[in-house]
*Asks:* 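One structure, pasted below without further comment.
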Amino acid sequence: MIRLSVEAGVATVTLDRPEARNALSTALIERLLDALTQVTEDPAVRVAVLSHTGPAFCAGADLKETAAVLASGGVPVARLGEVLTAIWECPKPVVARVGGAARAGGLGLLAAADVAICADDVTFQFTEVRIGVVPAVISATVLPRLAPRAAAELFLTGAVFDARRAVEIGLVTAAVPAAELDATVARYAEDLRRGAPGALAATKALLNRRAAADLPGQLAELTRMSVGFFTGAEGREGMAAAREKRSPSWLS
């Protein structure tokens with residue numbers, strides 16, 4: 001589900017669950033956290049790239065697993081905050097390489113990265129309200145990046161938007177033709193690798209302190225909110241409707 005490779009000081013962490021559009025299951029989250037720990041602790045790593053296989057960067061929470069474990073309350077989103085914290089607080093710069101669609105929790109991942117580069121044909125969507133839940137956990141990393149009016153529009157409507165709009169509102173750093181994505185990511189990684197490790201870590205901490213103070217405290221509260229909606233009546237109905245490919249009851 002996760003592949004990790006290191007070359008010339010650049011660690012590439014690859015979401016490798018293409019058959020499920022790299023949905024965030026509990027198992028994938030655990031493996032991703034392990035990989036991020038290795039990246040943080042390896043002195044040979046200077047820069048991290050978060051990449052993916054398949055046509056989607058990340059589809060967000062694994063709704064099939066969520067539906068199956070609702071009774072226990074142990075839904076995957078309960079650990080998403082740990083991943084966002086690991087990326088946000090990693091002392092090495094993190095570059096998100098987005099070559100496919102990003103939805104819901106996937107947008108939280110790319111927003112947690114310091115630099116996000118996407119292909120210009122990629123689409124994005126905060127799908128949460130359309131299945132009866134709230135983009136609570138990801139708001140901790142997304143809202144510091146987004147223009148406020150755009151955040152209100154896209155969180156509330158759940159509408160699909162394109163790469164150009166994602167750049168305009170601050171969600172991603174740059175959008176490039178798909179054929180140029182890897183070269184562009186490599187160029188950013190090389191530029192970042194030229195910085196002194198201690199200075200990079202301190203600069204990243206400075207930037208992130210201004211963007212989101214007390215991230216762990218925020219995420220604890222936001223996780224409780226998110227789990228509450230995933231396990232609540234609207235969330236159950238919304239996920240059931242998505243699985244059954246029908247309209248949810250509130251559209252009847």
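Keep in mind it's a predicted model, so treat the numbers as computed, not measured.
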*Asks:* Can you tell if the side chain of F57 reaches within under 4.5 Å of the side chain of L110, non-hydrogen atoms only?
*Replies:* yes
*Asks:* Closest approach of P93 and L200, non-hydrogen atoms and distance?
*Replies:* CG-CD1, 4.1 Å
*Asks:* Could you tell me the separation between the CD1 atom of I138 and the CG atom of L219, rounded to the nearest 0.5 Å?
*Replies:* 11.5 Å
*Asks:* Would you give the length of the straight line joining atom CD of E237 to atom CD of E234, rounded to the nearest 0.5 angstrom?
*Replies:* 9.5 Å
*Asks:* How close do I87 and A113 get, counting heavy atoms only, and between which atoms?
*Replies:* CG2-N, 3.8 Å
*Asks:* For R103 and T123, test the side chains for any donor-to-acceptor distance below 3.5 angstrom and give the result as yes or no.
*Replies:* yes
*Asks:* Are M239 and M225 joined in one hydrophobic group, where the rule is that I, L, V, M, F, W and Y side chains link up if heavy atoms are under 4.5 Å apart?
*Replies:* yes
*Asks:* So do the side chains of P76 and T66 get within less than 4.5 Å of each other, counting heavy atoms only?
*Replies:* yes
*Asks:* For R3 and T14, what are the C-alpha separation, side-chain angles and deciding distance, and is it a side chain to side chain donor-acceptor pair (under 3.5 Å)?
*Replies:* CA-CA 5 Å; R3 291 193 280 113; T14 303; 4.6 Å; no
*Asks:* Does E190 pair with R193 as a salt bridge, N-O distance under 4.0 Å?
*Replies:* yes
*Asks:* Checking R31 side chain against M1 main chain: does a donor-acceptor pair fall under 3.5 Å?
*Replies:* no
*Asks:* Just so I know, are the side chains of I29 and E82 near enough to count as touching, which here means a heavy-atom distance under 4.5 Å?
*Replies:* no
*Asks:* Measuring from D42:CG to Q38:CD, what's the distance to the nearest 0.5 Å?
*Replies:* 8.5 Å
*Asks:* So if you build clusters from Ile, Leu, Val, Met, Phe, Trp, Tyr with side-chain heavy-atom gaps below 4.5 Å, do L222 and L84 land together?
*Replies:* no
*Asks:* Are L80 and W88 linked, directly or through other ILVMFWY residues, by side chains that come within less than 4.5 angstrom of each other?
*Replies:* yes
*Asks:* Any side-chain to backbone donor/acceptor pair from N22 onto T53? Under 3.5 Å, distance only.
*Replies:* yes
*Asks:* For the pair E89 and T40, evaluate side-chain contact (heavy atoms from CB on, under 4.5 Å) and give the outcome as yes or no after the intermediate values.
*Replies:* CA-CA 9 Å; E89 296 187 346; T40 297; over 6 Å; no
*Asks:* Looking only at heavy atoms, what is the nearest atom pair of A175 and V167, with distance?
*Replies:* N-CG2, 3.7 Å
*Asks:* Under 4.5 Å between any side-chain heavy atoms of V142 and P135, yes or no?
*Replies:* no
*Asks:* More than 12 heavy atoms of other residues, nucleotides or ligands under 6.0 Å from CZ of R246: yes or no?
*Replies:* yes
*Asks:* Check whether any side-chain heavy atom of E128 sits under 4.5 Å from a side-chain heavy atom of V134, and report yes or no.
*Replies:* no
*Asks:* Between R79 and V83, is any pair of side-chain heavy atoms under 4.5 Å apart?
*Replies:* no
*Asks:* Please test L15 against L32 for side-chain contact (heavy atoms from CB on, under 4.5 Å), starting from the C-alpha separation and ending with a verdict.
*Replies:* CA-CA 8 Å; L15 306 180; L32 180 53; 4.2 Å; yes
*Asks:* Does R164 form a salt bridge (charged side-chain N to carboxylate O under 4.0 Å, His left out) with E168? I'd like the steps, not just the answer.
*Replies:* CA-CA 6 Å; R164 177 177 164 183; E168 289 174 349; 3.5 Å; yes
*Asks:* Can you check whether F124 reaches L154 side chain to side chain, under 4.5 Å on heavy atoms?
*Replies:* no
*Asks:* Among Ile, Leu, Val, Met, Phe, Trp and Tyr joined by side-chain contacts under 4.5 Å, find the other residues sharing a cluster with I117 and list them by chain and number.
*Replies:* V10, V47, V49, V95, V115, V176, L181, V185, Y188, L192
*Asks:* Please walk me through it: do L63 and F230 pass side-chain contact (heavy atoms from CB on, under 4.5 Å)?
*Replies:* CA-CA 9 Å; L63 298 185; F230 267 100; 4.0 Å; yes
*Asks:* Rounded to the nearest 0.5 Å, what separates atom CG in L146 from atom CG in L171?
*Replies:* 5.5 Å
*Asks:* Considering all heavy atoms of both residues, which atom of A78 and which atom of T223 are nearest to each other, and what is their separation?
*Replies:* O-CG2, 3.6 Å
*Asks:* Measuring from L156:CG to F126:CZ, what's the distance to the nearest 0.5 Å?
*Replies:* 11.5 Å
*Asks:* Is it true that V137 and V129 fall in one hydrophobic cluster, defined by side-chain heavy atoms closer than 4.5 Å?
*Replies:* no
*Asks:* Could you check whether any side-chain N or O of D121 sits under 3.5 Å from a backbone N or O of A178, counting only pairs where one atom can act as donor and the other as acceptor?
*Replies:* no
*Asks:* Work out which heavy atom in F155 is nearest to a heavy atom in S139; give both atom names and the distance.
*Replies:* CE2-CB, 4.1 Å
*Asks:* Can you confirm whether more than 12 heavy atoms, excluding those of E19, are under 6.0 Å from its CD atom?
*Replies:* yes
*Asks:* If you look at every heavy atom in G100 and V122, which pair is closest and at what distance?
*Replies:* O-CG1, 3.3 Å
*Asks:* Does the E65 side chain pair with the main chain of V75, one donor and one acceptor, at a distance under 3.5 Å?
*Replies:* no
*Asks:* Quick one: are P248 and L251 in side-chain contact, heavy atoms under 4.5 Å?
*Replies:* yes
*Asks:* Given side-chain contact (heavy atoms from CB on, under 4.5 Å), test K92 with R46 step by step and report yes or no.
*Replies:* CA-CA 6 Å; K92 323 302 176 65; R46 303 286 301 283; over 6 Å; no
*Asks:* How long is the span from the CZ atom in R149 to the CD1 atom in I169, to the nearest 0.5 Å?
*Replies:* 14.5 Å
*Asks:* Taking everything shown except E221 itself, do over 12 heavy atoms lie less than 6.0 Å from its CD?
*Replies:* no
